[in-house]
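No hydrogens, no waters, no symmetry mates; every other heavy atom, side chains included, goes into these values. Counting convention: from 1, in listed order, for ligands and their atoms alike.
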Amino acid sequence: MNMNSVSDISFRDKQLIPIWNKVQNGERLSLVDGVTMFRSNDLISIGKMAHEVQQQKSGDAVYFVLNQKIEPTNICVLSCKFCDFATKLGRPNAYEMTIEDILSKLTPEIHEVHITGGLHPDWEWKYYLDMVREIKKNFPDVDVKAFTAVEIDFFHKKFKLPIEEVLLQLKDVGLRTMPGGGAEVFSERVRKLLFNQKIGAKTWFEVHTTAHKLGIPTNATLLYGHVETYEERVVHMMKLREAQDETGGFLTFIPLAFQPGDTTIKPKDEFTSAIDDLKTIAISRLMLDNFPHIKAYWVMLTEEVASIALNFGADDMDGTVGGEKIAHDAGAVSPMTLAKDQIIKIIRDAGKIPVERDVYYNPINIYTDNVIGKIPYLNSVPFYSHFEKRQFRILPVAPRRMGKLSSKELIDAGLFSLMSYFEQETNLELMNYCIATRDQVKSVMLFSKEGWNGLEGKTIGITDDTATSVRLLQVLLKKKYGVKSTFERMHSGVNDHSNFDAVLLIGDEALRRNKYGLPGFELVFDLAREWYEWQKLPFVFAVWALKKSSPVEKKTELRQLLQSSLEKSEAALETIGALHGMRIGLTPNETKEYLEGFSYRLGEREREAMDVFRKLFDEVAVSV
Ligand code: V47
């Protein structure tokens with residue numbers, strides 16, 4: 001952990017110091033803390049705190065997606081005061097898109113289509129299902145992010161289907177995630193004033209948590225800068241934080257700056273100030289400690305403010321957003337779409353790594369040189385905790401994804417999953433560092449309803465993040481126990497495990513579940529212990545490697561960096577991971593014991609273990 005100490009931030013507002021202390025100690029911020037920050041004039045210190053927190057979560061990465069917005073109709077049964085987009089059937093500006101119209105807006109390079117629009121009084125349920133199905137049929141690589149909670153609730157009432165059924169049918173035809181709109185501000189006072197026909201907080205949360213339980217991750221928004229108070233903004237964030245604790249299904253939080261247009265809520269040209277925008281982004285990063293991402297939605301913020309927001313806690317720029325109407329009808333001054341090159345430039349200018357992502361935030365492409373991959377788990381902390389960046393940028397990325405990026409030559413160096421290293425051995429140079437267990441690991445765990453032999457013919461859910469542990473599991477099942485099971489990948493951001501007989505988790509999630517249990521799964525197996533008892537060898541989960549083609553100076557610099565970081569970390573194992581450990585529910589002592597269980601240097605026993613494992617998995621046909 002490379003946290004600044006209080007002395008690194010020159011607080012002008014001393015009231016922020018106790019808040020920073022809380023953040024550094026892993027304590028949750030309160031309503032009073034949130035409101036104190038909103039009332040403070042010390043924007044720069046708030047931004048610095050948020051930036052530090054963001055760095056720990058996503059390093060130098062800023063995500064964007066090539067996306068297209070589709071608003072299939074502006075005809076809406078509601079008349080919300082803040083909305084300049086909606087109209088009524090028969091009015092001259094009313095429009096309705098056919099499926100052909102929708103398909104004509106898409107191109108094969110798009111990765112995400114974001115569908116949301118008016119609540120049409122006459123459209124049939126089949127039309128919505130056909131819309132999603134046809135998009136997936138014609139553009140299989142496009143992921144559909146569609147329908148806000150307001151629309152889902154409308155379908156539920158209009159078509160007399162339970163919310164769960166609405167979502168399941170949509171998922172069945174290809175819905176991947178849901179946008180965060182319709183949340184507005186979770187305040188009855190504001191709802192009565194501005195959108196009294198619209199769903200309130202209770203229904204919004206019911207729809208989102210139901211979606212999470214069905215394996216559909218969602219986003220969350222806050223519409224700010226109209227009649228709401230600071231307190232209402234913070235309460236909104238705290239309600240989201242509580243729901244996220246329960247389901248873990250939110251991907252990103254998007255503060256939406258109110259565009260006044262002709263809404264009459266505010267004078268036409270009275271946009272939110274850049275100071276308020278940046279503060280809201282930064283405070284959301286600090287309050288929403290359990291949200292993976294914070295989005296700077298350039299459409300409503302403007303490109304300039306969004307670009308500064310990337311150093312104020314945001315790590316997500318939405319995307320190219322072709323075809324947006326809601327904000328532009330209400331007077332947004334941003335362009336209608338941003339070219340991919342322009343987004344990349346904005347992110348690079350902010351000193352970050354432009355990461356093109358898919359709908360689940362898996363990196364597809366990156367657009368900067370000198371990138372070092374970082375496995376974002378507690379056990380890799382000793383390598384990075386004293387890692388001064390110098391010429392390298394750090395991209396936190398799950399092991400399996402890092403392998404994919406490196407196979408496209410996008411990563412210069414990193415802690416590679418053992419399997420990725422084996423697959424790319426010809427291009428990679430092994431360094432003398434690794435993550436190897438001595439006996440148990442505690443963070444590569446099979447949570448099961450059955451004993452090993454009972455898993456014959458059963459289905460095992462496999463975390464999307466693993467490249468090596470899944471092979472180890474296959475080897476154990478086939479070679480140690482003579483059992484054949486079916487593997488099914490579970491995508492990240494969702495923790496619905498009910499369909500599986502066993503579940504393989506790795507990293508922080510496994511560590512947390514090892515301590516607190518995974519409901520429904522009585523038996524817990526530590527794969528490294530299973531391996532050790534069988535082979536009497538350590539298990540090497542990851543190795544440090546760098547591109548063979550890298551210049552010699554770069555290789556030398558990285559070696560020195562790693563060595564010095566590791567030495568410093570090993571002298572302070574009880575403190576370096578403490579904060580990270582606390583976030584996943586471990587005491588400092590448990591964190592220290594966990595870190596002490598690893599060998600970080602690749603010795604002879606580790607190399608022998610790598611060879612034995614390689615032979616075994618070569619004998620096992622694997623297809624996951
Ligand atoms: O819910 C309506 C807002 C939202 C105005 O999930 C307005 O990735 C500002 O939810 N000024 C829809 N905002 C947009 C939305 C969204 C946008 C980008 C990304 C994602 C995501 C979601 O737009 C509505 C409402 O809160 N809205 N009118 C207005 N005048």
### Asp84 to ligand 1, any heavy atom closer than 4.0 Å
no

### Task
Verify the distance criterion only: is there a donor paired with an acceptor across the side chains of Asp316 and Thr252 at less than 3.5 Å?
yes

### Task
Check the angle between the aromatic planes of Phe291 and Phe250 and answer parallel, tilted or perpendicular using the 30° and 60° thresholds.
parallel

### Message
If you apply the rule side-chain hydrogen bond (donor to acceptor under 3.5 Å, both in side chains), what do you find for Glu304 with Trp298, and how did you get there?
### Response
CA-CA 8 Å; Glu304 291 77 10; Trp298 59 265; over 6 Å; no

### Task
Check the pair Asp33, Thr36 against side-chain hydrogen bond (donor to acceptor under 3.5 Å, both in side chains), reporting the backbone distance first and the verdict last.
CA-CA 5 Å; Asp33 296 329; Thr36 303; 5.4 Å; no

### Task
Using non-hydrogen atoms of the residue, decide whether Thr148 is closer than 4.0 angstrom to ligand 1.
no

### Message
Measuring from atom 6 (O) of ligand 1, which candidate in Gly331, Pro260, Gly180 has the nearest non-hydrogen atom?
### Response
Gly180

### Query
Can you tell me if Leu256 has a non-hydrogen atom under 4.0 Å from ligand 1?
yes

#### Entry: Option set Phe85, Phe253, Phe82, criterion heavy-atom distance to atom 5 (C) of ligand 1, minimum
Phe82

### Task
Just say parallel, tilted or perpendicular for the rings of Phe38 and Tyr230, cut-offs at 30° and 60°.
parallel

### Message
Counting only heavy atoms from other residues, nucleotides and ligands, does the tally under 6.0 Å from NZ of Lys340 exceed 12?
### Response
yes

### Message
Ala183 versus ligand 1: do any nitrogen or oxygen atoms come within less than 3.5 Å of each other?
### Response
no

### Summary
heavy-atom search around atom 26 (O) of ligand 1 in the protein gives Glu184 OE1, 2.4 Å

### Query
Considering only heavy atoms, which of Lys145, His226, His293, Lys81 lies nearest to atom 8 (O) of ligand 1?
Lys145

#### Entry: For atom 30 (N) of ligand 1, the option (of Gln259, Met178, His114) bearing the nearest heavy atom
Gln259

